[in-house]
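We count ligands from 1, going down the list as the structure has it; atoms in each ligand are counted the same way. Model, not experiment: these values are computed from the prediction. These numbers come from the heavy atoms of this one structure, side chains and all, not from hydrogens, waters or symmetry mates.
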Amino acid sequence: MARSNAPAPAAPNFLKDNPDLLFYLEHGVDWAPVVEAVERGRFGGADGFADVGEAVAFYREAAETFGEFVAREVAPHSAAIDREGVTFVDGEVKLGPTAEKIFKKIKALDIHGLVVPRELGGTNAPMMLYFLNSEMLARADVSLMTHHGFHGGMAAALLFFSVTEGTTRFSTGTDGLALDDTRFRKEIEEIVAGKAWASMDLTEPDAGSDLARVRTRAEQDEDGNWFVTGQKIFITSGHARYHVVLARSETVPAGAAEGDAFAGLAGLSLYLVEAFTPGKGSLPKTWHASFDRIEEKLGHHGSPTVAITYERSPAQLVGERGDGFKLMLLLMNNARIGVSFEALGLMESARRMAQAYAADRPSMGKTIDRHELIADMLDEMESDTEGLRALAVYAAWHEELGQRAQVEATALRAQGDEVGAKRAEAKSRALKAKARRVTPLGKYFGAERAVEHARRCVQIHGGVGYTKEYGAEKLLRDAMVLPIYEGTSQIQSLMAMKDTLMGIMKDPGAFVKRQAKWRWQVVSSRDALERRVARLKVQCLAAQQHLMQRTATDKLKAAVGNAPVTAWAQRFMRDWDPKRDFAYAMLHAERLMKLLVDEAIAGILLKQVKAHPDRRPVLERWLERAEPRGRFLYDEITTTGDRLLAKLHEAEAAMAKAEG
Ligand SMILES: Cc1cc2nc3c(=O)[nH]c(=O)nc-3n(C[C@H](O)[C@H](O)[C@H](O)COP(=O)(O)OP(=O)(O)OC[C@H]3O[C@@H](n4cnc5c(N)ncnc54)[C@H](O)[C@@H]3O)c2cc1C
C-alpha cells in the first residue's frame with residue numbers, strides 16, 4: 001500500500017465544523033453572568049470551578065465532546081433510526097434497536113442531568129449549553145433530540161415547579177447558595193440517572209391549541225388525595241414513568257364560557273402522575289394508567305408519541321389549584337426555545353446535505369451549486385440559519401437568567417431577605433420580558449424555515465431527493481411537525497400580535513418614543529448599517545401603528561352603531577371582544593410576525609457587530625433580504641384583507657340568523 005504524508009482526516013465534529021456555532025461558545029454568549037447564576041457564588045469549592053474562565057473552558061470541552069459523539073455515533077445511524085421506528089407490543093413502547101443503543105451511550109456519557117444541580121446528581125451546567133448541544137443532536141437526528149429533551153428538560157422543569165411552589169430549600173453558606181432539598185428529588189434523581197423518563201401531557205382529542213377545552217378531570221377524595229381521569233394524545237415520550245398532566249380541578253371556574261362548566265383556563269391545575277411503578281426484581285410493573293397506542297407519524301420515527309388513558313390515576317398536585325395553565329407556560333417557554341434549536345439543527349443538516357450534493361452534481365457545463373438559482377437558495381439558507389441562531393441564543397440567554405433570578409428571589413425570601421428578593425424579582429421580570437418578546441418569534445421562524453429548507457434540500461437533489469437514497473425526504477418529513485407542536489405557527493403569531501398591540505395600548509407614550517428614536521437614527525447615524533437597521537425598525541413600527549389604528553377605527557364604528565353620541569366613549573372603552581375587534585390584526589398576525597422576526601434579528605446582529613466588527617457581513621447579508629421582505633409585508637398589511645373580512649363577517653351574520 002502506498003504511504004501518504006497527508007495528515008489523517010480530523011474526526012467529524014458538529015461543533016468544530018461550524019464556525020457560526022463556535023462564535024457563540026467563544027465570543028457571542030456573555031458567559032460571565034450565566035456562570036455566576038449557575039454556580040450561585042460557589043467558586044473554589046471542592047466540586048465547583050475556580051472561576052468563570054474555568055467554567056467556560058469546561059462548557060467548551062463538554063460541547064466539543066458532544067459534537068464528536070453526535071457526529072460519530074448518531075448521524076451515521078439516522079436512516080436506521082427512521083426505518084426501525086418505535087414499536088408497541090402488549091401495552092409497552094419500545095425504541096428501535098439503534099435508538100436503544102444510542103441512548104445507552106448517552107446514559108454512559110452522563111448527560112441526562114447536564115443542567116440539574118450537583119446536589120441532585122447533575123452536572124450543574126447552564127441551559128445555554130444544553131440548547132447548543134441540542135442543536136448538534138438535532139443536526140444528527142431530530143427525533144432523538146426531541147426524545148432526549150424529555151430527560152434533562154423535564155428534570156429541570158420539576159425542580160423549577162418545586163422552587164415556584166416553595167418546596168425547595170436553600171441555605172447560604174460561606175461558599176454561596178446551596179440547594180438542601182426539593183420535593184421531587186426522587187423523580188429528578190431517577191431521570192438524571194437515566195432510569196426514568198418524564199413527559200408533558202396537555203393535548204387531548206378535543207383540546208390542542210385551545211387548552212381551555214381540556215376535559216381531563218382531577219378529583220380529591222375525603223383524605224385529600226388527588227386522582228386524574230381522562231385521555232391525553234400525541235404525548236412525546238409518553239411511555240414515561242412520570243407525567244406532568246394538565247387537568248381540570250375546578251368544574252365551575254371563573255371565566256368559564258356561559259353554560260359550559262368545563263371550559264376556561266382558570267380551572268386547570270397541574271399534576272404529577274406516575275403511570276407505572278416498576279416491579280422489584282422479576283415482579284411485573286404496577287400500572288396506574290394505560291398506554292393506548294403509539295401514533296403512526298410522517299416522521300420523527302425515533303421519538304415515541306403516545307396516547308394515554310388515566311382512570312382514577314393517583315396524582316400529586318403541583319403548585320396551587322387553578323395555577324395549571326400558568327405553570328405550564330413556564331415549561332412551554334423552555335420547550336419553545338428548544339424548538340428553535342431543534343430547527344437550527346435541522347436547517348444545518350438540510351443546507352449541508354444540499355450543498356454537498358450541489359457541489360458534486362454537474363449540469364449544463366458546471367456543478368449545480370454554481371448555477372445562480374441554486375446558489376441563491378443556498379445563500380439564503382445560510383443567512384436564515386445565522387439569523388435564527390442569533391435569535392435563539394438571545395432568547396435562551398434572557399430566559400435562563402430570568403429563571404435563575406426568580407429562583408434566587410425565592411431562596412432569598414425563604415431566608416428572610418425581602419429586599420434582596422425584591423431586587424432579584426425585578427431583575428427576573430426585566431430579563432423575562434425580553435425573552436417573552438422573542439421566544440414565539442424564534443419558534444415561528446425556526447419551524448417555518450426548517451420546513452422550507454428541508455423542501456429546498458429535496459429540490460436541490462432533484463429526482464434522488466424524492467427517493468430515500470440521500471435522506472433529504474426524511475428531513476422534510478421530520479421538519480413538518482415543527483410548525484405544529486409546542487404551539488402552532490398560527491398560535492405563535494397570534495401571541496406575538498397580542499403582546500405587541502397590548503403593549504402599545506398599555507403604554508402609547510413608550511411606543512411614540514420608540515418610533516421617534518429609530519426615525520432619528522435613520523437620519524443621524526454615521527454607520528450605514530445602523531441606518532438600515534433603524535429603517536427596518538421604523539417600517540415594523542409603522543405596520544404596528546397601522547394595525548392599531550385600524551383596530552381602533554373598527555371598534556369605534558362598532559361602538560357608535562346607532563347609539564347616542566353620549567354613549568360612544570363608554571362603548572368604545574368597554575366591551576372589547578378580541579374575536580370581533582381584533583379581526584383585522586388577527587388576519588395579518590403572521591405577516592406582522594415576519595416583520596417582527598426580521599427587525600429583532602437585525603437588532604441583535606447589530607449589537608454583535610458593535611462588539612465584533614467581523615460580524616458585519618452576517619448583518620449585511622441579513623438586511624439584503626430582510627429589507628425588500630419588509631416593504632412587501634408592509635404593503636400587504638396596509639392594502640389587503642378587507643374583502644376576506646367582509647366575507648367572514650357575512651358568513652357569521654348568516655349563521656347567527658340561522659340559529660335565531
Ligand atoms: C409529533 C407530535 C408530538 C407532540 N408532542 C406533544 C407533547 O409532548 N405534549 C402535548 O401535550 N402535546 C403534544 N403534541 C400535540 C401538539 O401540541 C398539538 O397537536 C398542537 O398543539 C395543535 O393542536 P391540534 O393538533 O389539536 O390542532 P388544532 O388546535 O385543532 O389546530 C389545527 C389548525 O388550526 C389552527 N388554529 C387553531 N386555532 C386557531 C386560531 N385561533 N387562529 C388561527 N388558527 C388556529 C392551528 O394553527 C392548526 O393549523 C404533539 C403533536 C405531535 C404531532
Side-chain angles (χ1 to χ4, degrees), residues 82 85-86 93 142-151 153-154 157 197-216 228 230-240 242-247 265 268 270-271 273 275 291 293-308 310 324-325 327-329 331-332 334-336 338-339 342 346 440 443-444 447-448 450-451 477-498 577-580 582-593 644 648:
D82 184 50
V86 176
V93 178
V142 77
S143 67
L144 283 209
M145 180 251 151
T146 312
H147 189 35
H148 171 67
F150 279 81
H151 254 135
M154 290 304 295
W197 297 96
S199 68
M200 171 174 81
D201 303 13
L202 315 175
T203 307
E204 300 180 3
D206 291 321
S209 303
D210 189 0
L211 287 174
R213 291 166 62 89
V214 160
R215 266 151 211 272
T216 293
V228 163
Q231 198 197 16
K232 296 287 178 180
I233 60 167
F234 294 150
I235 306 306
T236 301
S237 310
H239 62 315
Y242 298 114
H243 294 245
V244 174
V245 180
L246 189 67
L265 296 169
L268 298 173
L270 212 58
Y271 295 87
V273 181
F291 301 150
R293 60 173 190 276
I294 48 172
E295 313 289 357
E296 296 290 334
K297 312 189 297 281
L298 189 62
H300 270 245
H301 288 166
S303 163
T305 312
V306 184
I308 305 148
Y310 297 100
F325 188 68
L327 287 170
M328 186 218 74
L329 286 181
L331 203 158
M332 273 289 205
N334 279 349
R336 285 176 180 158
V339 176
E342 181 179 358
L346 206 144
K443 160 68 175 72
Y444 170 86
E448 291 294 323
V451 173
R477 286 188 285 108
D478 282 349
M480 290 292 287
V481 76
L482 270 61
I484 295 174
Y485 63 21
E486 307 299 358
T488 68
S489 286
Q490 289 66 44
I491 297 301
Q492 303 306 305
S493 303
L494 290 174
M495 267 176 61
M497 181 276 290
K498 192 185 117 209
D577 174 355
K579 282 187 193 142
R580 183 194 61 208
F582 286 93
Y584 189 82
M586 287 199 278
L587 180 82
H588 288 298
E590 204 162 336
R591 296 188 181 99
L592 176 65
M593 171 61 109
L644 184 57
L648 287 173

Engineer: State whether any protein heavy atom lies less than 4.0 Å from atom 42 (N) of ligand 1.
Structural biologist: yes

Engineer: Do K297 side-chain atoms and H300 backbone N/O form a donor-acceptor pair below 3.5 Å?
Structural biologist: yes

Engineer: Write out the residue and atom name of the closest protein heavy atom to atom 25 (O) of ligand 1, then the distance separating them to 0.1 Å.
Structural biologist: F234 CE1, 4.1 Å

Engineer: Taking distance alone, with no angle check, do D210 and ligand 1 share an N/O pair under 3.5 Å?
Structural biologist: no

Engineer: Protein heavy-atom contact under 4.0 Å for atom 47 (O) of ligand 1?
Structural biologist: yes

Engineer: What protein heavy atom sits nearest atom 39 (C) of ligand 1, and how far away is it?
Structural biologist: I491 CD1, 4.1 Å

Engineer: Report yes if the side chains of M593 and S489 come closer than 4.5 Å at any heavy-atom pair, otherwise no.
Structural biologist: no

Engineer: Starting at NE2 of H147, measure out to CH2 of W197 and round the result to the nearest 0.5 Å.
Structural biologist: 3.5 Å

Engineer: Has ligand 1 got any nitrogen or oxygen that is less than 3.5 angstrom from a nitrogen or oxygen of Y485?
Structural biologist: no

Engineer: Check whether R477 reaches the backbone of L298 with its side chain - one donor and one acceptor, N or O, closer than 3.5 Å.
Structural biologist: yes

Engineer: Could you tell me whether a side-chain N or O of H301 sits under 3.5 Å from a main-chain N or O of G85, the two making a donor and an acceptor?
Structural biologist: no

Engineer: Would atom 31 (O) of ligand 1 count as contacted, meaning some protein heavy atom under 4.0 Å?
Structural biologist: yes

Engineer: Return a yes/no value for Q490: is any of its N or O atoms, backbone included, closer than 3.5 angstrom to an N or O of ligand 1?
Structural biologist: yes

Engineer: Heavy atoms, side chains only, cut-off 4.5 Å: are L587 and M497 in contact?
Structural biologist: no

Engineer: For atom 37 (C) of ligand 1, what is the nearest protein heavy atom, given as residue, atom name and distance?
Structural biologist: S209 OG, 3.8 Å

Engineer: Regarding ligand 1, does I235 bring an N or O atom to under 3.5 Å of one of the ligand's N or O atoms?
Structural biologist: no

Engineer: State the CD-OG1 distance between E342 and T146, to the nearest 0.5 angstrom.
Structural biologist: 4.0 Å

Engineer: Looking at D201, V273, T216, which one forms a side-chain contact (heavy atoms from CB on, under 4.5 Å) with I308?
Structural biologist: D201

Engineer: Measure the distance from atom 9 (N) of ligand 1 to every protein heavy atom, then report the residue, atom name and distance (to 0.1 Å) of the closest one.
Structural biologist: M200 O, 2.8 Å

Engineer: Quick one: pull up CG in L265 and CG in L246 and give me the separation to the nearest 0.5 Å.
Structural biologist: 8.5 Å

Engineer: Might you check, step by step, whether the distance between atom 13 (C) of ligand 1 and some protein heavy atom is under 4.0 Å?
Structural biologist: yes

Engineer: Any idea which atoms of ligand 1 are less than 4.0 Å away from a heavy-atom of K297?
Structural biologist: 1 (C)

Engineer: Ignoring hydrogens, tell whether any protein atom lies closer than 4.0 Å to atom 1 (C) of ligand 1; use the non-hydrogen atoms only.
Structural biologist: yes

Engineer: With heavy atoms of L494 as the reference, note each atom of ligand 1 found under 4.0 Å away.
Structural biologist: 40 (C), 41 (N), 42 (N)

Engineer: To the nearest 0.5 Å, what is the distance between CE on M200 and CE on M332?
Structural biologist: 4.5 Å

Engineer: Consider every N or O of I233 and every N or O of ligand 1, then say whether any pair is closer than 3.5 Å.
Structural biologist: no

Engineer: Run the contact test for H300 against ligand 1 with a 4.0 Å cut-off on heavy atoms, strictly below, and give the result.
Structural biologist: no

Engineer: Could you check if a side-chain atom of V228 sits within less than 4.5 angstrom of a side-chain atom of H243, using non-hydrogen atoms only?
Structural biologist: no

Engineer: D201 to ligand 1: N or O pair under 3.5 Å?
Structural biologist: no

Engineer: What residue among K498, M586, E590 forms side-chain contact (heavy atoms from CB on, under 4.5 Å) with S493?
Structural biologist: E590

Engineer: Does the N or O separation between T236 and ligand 1 drop below 3.5 Å for any pair?
Structural biologist: yes

Engineer: Is there any N or O on A207 that sits under 3.5 Å from an N or O of ligand 1?
Structural biologist: no

Engineer: With no hydrogens and no angle check, is any side-chain donor or acceptor of R336 less than 3.5 Å from a backbone partner on E486?
Structural biologist: yes

Engineer: Please name the pair of heavy atoms, one in S199 and one in S237, separated by the smallest distance, quoted to 0.1 Å.
Structural biologist: CB-O, 3.5 Å

Engineer: Which residue from S303, G208, S489 reaches closest to atom 24 (P) of ligand 1 through any of its heavy atoms?
Structural biologist: G208

Engineer: Taking only heavy atoms of L202 into account, list the atoms of ligand 1 that are under 4.0 Å away from them.
Structural biologist: 10 (C), 11 (O)

Engineer: Starting from atom 52 (C) of ligand 1, which protein heavy atom do you reach first, and at what distance in Å?
Structural biologist: V481 CG2, 4.0 Å

Engineer: Which of the numbered atoms in ligand 1 are under 4.0 angstrom from any heavy atom belonging to I484?
Structural biologist: 19 (O), 20 (C)

Engineer: Within the distance-only criterion (no hydrogens, no angle test), does the side chain of Q492 pair as donor or acceptor with the backbone N or O of K443 below 3.5 angstrom?
Structural biologist: no

Engineer: Pull out every atom of ligand 1 sitting under 4.0 Å from any heavy atom of T488, numbered as shown with elements.
Structural biologist: 22 (C), 46 (C), 47 (O)

Engineer: Nearest non-hydrogen contact with atom 16 (C) of ligand 1 belongs to which option: L482, T146, V306, T203?
Structural biologist: T203

